[in-house]
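Each remark here refers to the structure printed beneath this line.
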Amino acid sequence: MAYSSCSKEEIVPVDGDDNSPIDTDGSLVRIVPLSSLAENSDRYTFPEREVCLAAVAPEYEAIAFSWSINGKAVESDGRLLKFTPDIPGIYHISVEAAVKGAKHIGECDVVAVDATEESRCRIPAASSSETAIRVFEYLPAPGQFVGDVRNAGTPAEAAEWAQERMQNGKMISLGAFGGYITVGFDHSVVSSDDGYDFVIRGNAFVTEYGSSNEPGIVWVMQDANGNGLPDDEWYELRGSEYDSATTLRNTYVTYHRPSAPGLDVEWTDAEGASGVVTYLSSLKKTGRDYYPSWINADSYTLYGSRIAPRNALSPAGKWENMPYPWGYADNIGSDNLEEPALGPGSHCGFCISNAVNADGSPIRLGYIDFVKVQCATQAESGPLGEVSTEIFTIKDLNIRK
């Protein structure tokens, strides 16, 4: 049986409380989407592979969630639903929660494709590029370099801008927490199981004079449906902070358009906190808007995992962003590859074998086709501005020429 996709949640009054206020902004309860610009939360996977979906809502820890598959109630771990589609088909997923006196229902379709993981693998050819060649989406959080994206009136134009910069080895900034870039290779990057599979170049450094590390969480995806688009399922690569008590997973931040260029950008998050991305007029970018020009809405929401910042003033009175042990882009950790052949900058190696589901359970992937890098912290370092992940290139280490 086929089910239609829903771009907004359904909202119905709680029984016996018809006078309860109802918030109709369409975002109070949602299954985490694959893209912040997606109209729905649908995804594709292989039969007999476990799927783990996460529901998000304001201050979600205080909310009880109930889930159903194809209209049948199922047990779940609160805001997480884990299930395994046993045969190809469309599985309609619904999650319900009471928020602000009303029932809110988030929905999506999980499509189990009629194919196997092995059949979808794109074996590298002699002409394959070691470098990710296409940018599918570039959606930074507000930040001091967002205004550098000139003449981008649509998300597609912003992606083209980022793609051209990556092809020329130029820096791309992801802004404050949650900002991301999604890229794809012209082949499948195979998991070696005994070493790093791909590398991401950043501009992190650690010297005797100071340090700058602006961590980016890395996500990977297989092209399960074979359509060449990153619309299948993201898996986070576990880093050193994954199990920390201060790490927030399946969370989000909403950024609000300022009333004019040159102003701070306000944000609110799933935990009820709020703050601003401070506009720095001292950086001589006066009049540049920190809010992406290609986002028409007056607010937009970025989803992901968030780790605690490690920025602080040094005894000498300078701001430093201290490094993390391992597992993050734009960071000098134990996985920094000091190989002259990789060129200048910092180079963080990543293992596909570190992929995990939304509940933290490991997932074995024979290969990946897409990579997403997401700024992992919400922090500012005084006159240096927001802590913002920067990257240049992403390369397959297994087919280096």
Side-chain angles (χ1 to χ4, degrees), residues 31-38 41-45 52-54 56 131-141 143 155-156 158-159 161-163 165-166 172-186 188-189 191 197-202 214-225 227-239 242 248-253 292 300-307 327-331 348-352 354-358 363 365 367-377 388-396:
I31 296 171
V32 175
L34 300 175
S35 160
S36 289
L37 299 180
S41 299
D42 298 348
R43 59 251 286 138
Y44 295 81
T45 189
C52 191
L53 303 174
V56 289
T131 304
I133 63 171
R134 181 176 176 185
V135 173
F136 289 90
E137 191 172 358
Y138 172 53
L139 185 55
W161 177 90
Q163 180 170 305
R165 290 186 67 85
M166 289 193 75
I172 297 172
S173 178
L174 303 184
F177 167 75
Y180 66 89
I181 188 169
T182 300
V183 304
F185 290 84
D186 63 3
S188 297
V189 179
S191 176
D197 301 307
F198 62 93
V199 62
I200 300 177
R201 177 190 166 195
E214 300 174 292
I217 289 175
V218 178
W219 306 73
V220 295
M221 177 187 287
Q222 293 180 325
D223 189 11
N225 60 14
N227 67 356
L229 301 175
D231 56 1
D232 304 272
E233 182 66 290
W234 286 117
Y235 302 99
E236 183 176 346
L237 294 188
R238 180 185 291 272
Y242 189 86
L248 298 173
R249 295 196 289 273
N250 306 308
T251 189
Y252 65 83
V253 170
Y300 68 107
T301 300
L302 298 174
Y303 304 85
S305 296
R306 193 167 84 202
I307 64 177
Y328 303 97
D330 199 16
N331 174 70
C348 301
F350 294 90
C351 302
I352 295 172
N354 283 329
V356 295
N357 283 304
I363 180 76
L365 304 174
Y367 60 88
I368 57 99
D369 299 288
F370 310 104
V371 175
K372 177 171 68 173
V373 185
Q374 167 230 328
C375 183
T377 61
S388 173
T389 306
E390 274 87 49
I391 69 167
F392 294 80
T393 57
I394 303 177
K395 294 185 176 182
D396 180 354

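Taking CD1 from I368 and OH from Y235, the interatomic distance works out to 12.5 Å, rounded to the nearest 0.5 Å. Put simply, CG on N250 and CG on L53 are 10.0 Å apart, with the number rounded to the nearest 0.5 Å. A distance of 10.0 Å separates CE in M221 from CZ in F136, rounded to the nearest 0.5 Å. Taking CD1 of I181 as the start and CD of Q163 as the end, the distance is 9.0 Å to the nearest 0.5 Å. For the atom pair CG (D231) and CG (N225), the distance works out to 4.5 Å, reported to the nearest 0.5 Å. Summarising the geometry, atom CD belonging to E214 is positioned 4.5 Å from atom CD belonging to E390; distances are rounded to the nearest 0.5 Å.
Within the 4.5 Å cutoff, the side chain of L302 has no heavy atoms near those of the V253 side chain. In this structure the side chain of S35 reaches within 4.5 angstrom of the side chain of E137, judged on heavy atoms. Counting only heavy atoms from C-beta outward, the side chains of I363 and E233 never approach each other to under 4.5 Å. By the 4.5 Å heavy-atom criterion applied to side chains, Q374 and F177 are counted as neighbours.
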Residues Y328, I217; criterion side-chain contact (heavy atoms from CB on, under 4.5 Å); working and verdict: CA-CA 5 Å; Y328 303 97; I217 289 175; 3.8 Å; yes
Applying side-chain contact (heavy atoms from CB on, under 4.5 Å), run through V371 and F185 and close with a yes or a no. CA-CA 9 Å; V371 175; F185 290 84; 4.1 Å; yes
Step by step, work out the side-chain contact (heavy atoms from CB on, under 4.5 Å) result for L139 and Y300. CA-CA 10 Å; L139 185 55; Y300 68 107; 4.0 Å; yes
Determine whether T301 and S36 satisfy the following criterion, side-chain contact (heavy atoms from CB on, under 4.5 Å), listing intermediate values before the conclusion. CA-CA 6 Å; T301 300; S36 289; 5.7 Å; no
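Judged purely by atom type and a 3.5 angstrom limit, S188 has no side-chain atom pairing as donor or acceptor with the backbone of Y367. For R249 (side chain) and Y242 (main-chain N/O), a donor-acceptor pair under 3.5 Å exists by modelled atom type. Proximity of a side-chain donor or acceptor of D223 to a complementary backbone N or O of G228 within less than 3.5 Å is detected.
When every heavy atom of D396 is checked against every heavy atom of F198, the shortest pair comes out as CA-CB, 4.2 Å. The two residues I307 and P215 have their closest heavy-atom pair at CD1-CG, 3.9 Å. Between S305 and E236 the shortest heavy-atom distance is OG-OE1, 2.8 Å. Between A141 and A176 the shortest heavy-atom distance is CB-O, 3.2 Å. Between V373 and G216, the shortest heavy-atom distance links the atoms CG1-CA, 4.2 Å. Between T377 and R306 the shortest heavy-atom distance is CA-CG, 4.4 Å.
Side-chain atoms of T131 and T393 form no donor-acceptor pair, as typed in the model, at a separation below 3.5 Å.
A side chain to side chain contact (heavy atoms under 4.5 Å, CB included) with Q222 is found for exactly one of L365, T45, I352, D232, namely L365. The side chain to side chain contact (heavy atoms under 4.5 Å, CB included) with I394 is formed by just one residue from the set V199, V189, V183, V218; it is V183.
Because its NZ or CZ atom is not both nearer than 6.0 Å to the ring centre of F370 and within 45° of the ring axis, R134 does not count as a cation-pi partner of that residue.
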